[in-house]
Amino acid sequence: FEEARLFNTEPFALQDVYVDGDCTKVPWGQLYGNRPRDPDRYLERFRLTDAVMDLVGDPKFDDAIVIQGVAGAGKSSFTLKLCRVMHERGLMAVRIRLRDVPLDMNIREALPRAVLLHDPDTPLTERDYAANNDIFSGGKIFRERVFYNGFNICPFVLILDGWDEISLAAPEGFRMQVTRMLRELREEYLKFRDPRVRVIVTGRPSVDVDESHFMLQNTPLLTIQTLTPGQLNELIEKVVTATEMARLGPPAEKQVFLKPEVLQHIQSTYQS
């Protein structure tokens with residue numbers, strides 16, 4: 001987020017151009033359960049970071065936080081931003097790409113093996129998996145506690161990114177893989193925990209996840225919204241500034257889209 005070149009080519013990092021977007025908040029049961037729908041109530045937009053951290057710091061909240069959005073909505077970028085925010089607030093994010101989680105073992109064994117300790121663009125090897133076996137100290141780290149926002153909470157926050165990227169290589173079908181993994185996730189890290197462990201899961205809207213029984217009636221779905229015209233302008237300004245500063249070195253190629261006439265066309269088209 002702070003020091004890696006964006007897309008491995010740009011002269012700046014994601015931090016330099018990141019714009020904190022908005023989301024809507026809807027309980028899962030309101031969308032997919034049997035409750036009467038009240039769509040107007042759930043059209044309000046919230047700043048995504050604030051919405052997540054409010055739930056993390058809510059002493060009465062004891063569920064997973066589910067962030068969904070279409071491809072390219074910024075889910076993975078947001079999880080990187082969230083890691084930094086949590087670090088600043090005294091929490092320790094454990095960000096795991098679900099595509100790296102081995103699905104042929106229990107979630108307690110699978111998650112530590114999927115923690116990335118090196119370049120995220122390099123695939124995990126069997127040697128990496130072996131090195132990670134005890135990275136959670138047999139689960140003991142999730143019994144640690146810190147006083148946060150007026151109550152005790154586990155300082156380690158699980159961020160599981162990309163349920164839609166789970167490998168299909170296992171012999172079972174996709175739905176069975178997802179169902180088992182999410183069921184074990186809830187049983188291991190959410191049910192009757194003291195202190196509470198915060199679990200954040202991201203992915204595209206998926207029927208398989210909806211039918212996995214992971215979601216409860218009140219499980220909050222935070223759906224990432226498109227940028228407002230003001231947020232788009234902020235993004236453009238940040239990209240222009242970051243490209244001119246080039247704090248991580250020269251760009252890999254000429255930035256044609258930064259021509260003033262191109263940017264003006266993008267802004268006017270988006271606003272219309």
Side-chain angles (χ1 to χ4, degrees), residues 23-35 37 42 48 51-56 58 60-71 73-76 78-79 82 86 93-115 136 139 142 153-154 156-224:
C23 70
T24 55
K25 295 193 295 185
V26 183
W28 178 85
Q30 179 71 22
L31 284 179
Y32 301 103
N34 297 319
R35 295 183 179 183
R37 298 194 177 189
Y42 299 108
L48 182 56
V52 171
M53 295 310 297
D54 285 349
L55 290 170
V56 169
D58 183 351
K60 297 181 179 179
F61 183 70
D62 60 356
D63 203 347
I65 302 169
V66 179
I67 301 170
Q68 65 176 7
V70 298
K75 300 180 294 296
S76 295
F78 172 70
T79 61
L82 193 58
M86 288 187 174
V94 181
R95 181 179 181 269
I96 296 173
R97 301 182 304 186
L98 283 171
R99 72 187 187 201
D100 293 328
V101 176
L103 295 173
D104 57 349
M105 58 181 62
N106 184 275
I107 195 77
R108 185 185 303 178
E109 301 173 355
L111 285 188
R113 288 165 62 89
V115 175
F136 288 173
F142 297 107
I153 190 175
C154 177
F156 294 93
V157 179
L158 281 173
I159 301 178
L160 308 179
D161 186 36
W163 68 57
D164 48 297
E165 296 181 9
I166 294 176
S167 171
L168 300 182
E172 294 179 303
F174 178 72
R175 181 171 299 182
M176 293 182 65
Q177 295 177 43
V178 172
T179 298
R180 187 183 69 250
M181 186 270 293
L182 292 179
R183 181 182 65 247
E184 292 176 354
L185 179 67
R186 181 172 288 281
E187 291 288 330
E188 180 68 24
Y189 297 103
L190 290 171
K191 196 173 182 179
F192 308 124
R193 293 293 307 218
D194 182 28
R196 288 175 181 164
V197 177
R198 294 309 191 206
V199 176
I200 299 166
V201 187
T202 81
R204 303 178 195 176
S206 167
V207 173
D208 295 299
V209 173
D210 294 337
E211 297 179 354
S212 69
H213 305 294
F214 177 73
M215 309 292 192
L216 304 180
Q217 286 289 313
N218 290 315
T219 299
L221 296 184
L222 307 184
T223 303
I224 299 177

Open item on the list: Is there a side-chain contact between V157 and L82 in this structure, where contact means two heavy atoms from C-beta onward sitting under 4.5 Å apart?
Closed with: no
Task: E188 side chain reached by V197 side chain, heavy atoms, under 4.5 Å - done: no
Task: Closest non-hydrogen atom pair between C23 and A51, with its separation - done: SG-CB, 3.9 Å
Open item on the list: Could you tell me if the side chain of Y189 sits less than 4.5 Å from the side chain of L111, heavy atoms only?
Closed with: yes
Open item on the list: If I compare all heavy atoms of G69 with all of K75, which pair ends up nearest, and what's the gap?
Closed with: O-NZ, 3.0 Å
- [ ] Look up atom CD in E184 and atom CE in M105, then write down how far apart they are to the nearest 0.5 Å.
- [x] 11.0 Å
Task: Distance, nearest 0.5 Å, that separates OG1 of T202 from CD1 of I159 - done: 9.0 Å
Open item on the list: Using modelled atom types and a 3.5 Å cut-off, is there a donor and acceptor pairing between side-chain atoms of R193 and backbone atoms of F142?
Closed with: yes
Task: Nearest-0.5 Å distance that lies between atom CZ in R97 and atom CG in D161 - done: 9.0 Å
Task: Test side-chain contact (heavy atoms from CB on, under 4.5 Å) applied to R183 and F214, step by step - done: CA-CA 6 Å; R183 181 182 65 247; F214 177 73; over 6 Å; no
Open item on the list: If you define the side chain from C-beta out and look only at heavy atoms, does anything of R186 sit under 4.5 Å from D63?
Closed with: yes
- [ ] Please test D54 against F61 for side-chain contact (heavy atoms from CB on, under 4.5 Å), starting from the C-alpha separation and ending with a verdict.
- [x] CA-CA 10 Å; D54 285 349; F61 183 70; over 6 Å; no
- [ ] Over all heavy atoms of both residues, which pair between Q217 and P27 is shortest? Give the atoms and the distance, please.
- [x] O-CB, 3.6 Å
TODO: Evaluate the salt bridge (Lys or Arg N to Asp or Glu O under 4.0 Å) criterion for residues R113 and D100: first the C-alpha distance (whole Å), next the side-chain angles of each, then the deciding distance (0.1 Å), finally the verdict.
DONE: CA-CA 8 Å; R113 288 165 62 89; D100 293 328; over 6 Å; no
Task: R108 atom CZ, over 12 foreign heavy atoms within 6.0 Å - done: no
TODO: Output the distance between atom OG (S76) and atom CZ (R95), rounded to the nearest 0.5 Å.
DONE: 5.5 Å
Open item on the list: What I want to find out is whether D62 reaches K191 closely enough, with some N-O distance under 4.0 Å, to be called a salt bridge.
Closed with: no
Open item on the list: Consider side-chain contact (heavy atoms from CB on, under 4.5 Å). Of L222, T223, I224, which one does T24 pass it with?
Closed with: T223
Task: Minimum heavy-atom distance between V199 and V201, given as atom pair plus value - done: CG1-CG2, 3.9 Å
- [ ] Would you check if M86 and I200 make a side-chain contact, meaning some heavy-atom pair closer than 4.5 Å?
- [x] yes
Open item on the list: Ignoring hydrogens, what is the shortest heavy-atom contact between R198 and L55? Give both atom names and the distance.
Closed with: NH2-O, 3.5 Å
Task: Heavy-atom pair of closest approach, residues I107 and P112 - done: O-CD, 4.3 Å
Task: Separation of W163 CH2 from L185 CG (nearest 0.5 Å) - done: 11.5 Å
Open item on the list: Holding to ring pair (Phe, Tyr, Trp, His ring centres under 6.0 Å), I want the full list of residues that pass it with F156, two or more places apart in sequence or in another chain.
Closed with: none
Open item on the list: Contact between L48 and F78 at the side-chain level, heavy atoms closer than 4.5 Å - yes or no?
Closed with: yes
Task: Point-to-point distance, once rounded to the nearest 0.5 Å, from CG of L158 to CG of L190 - done: 9.0 Å
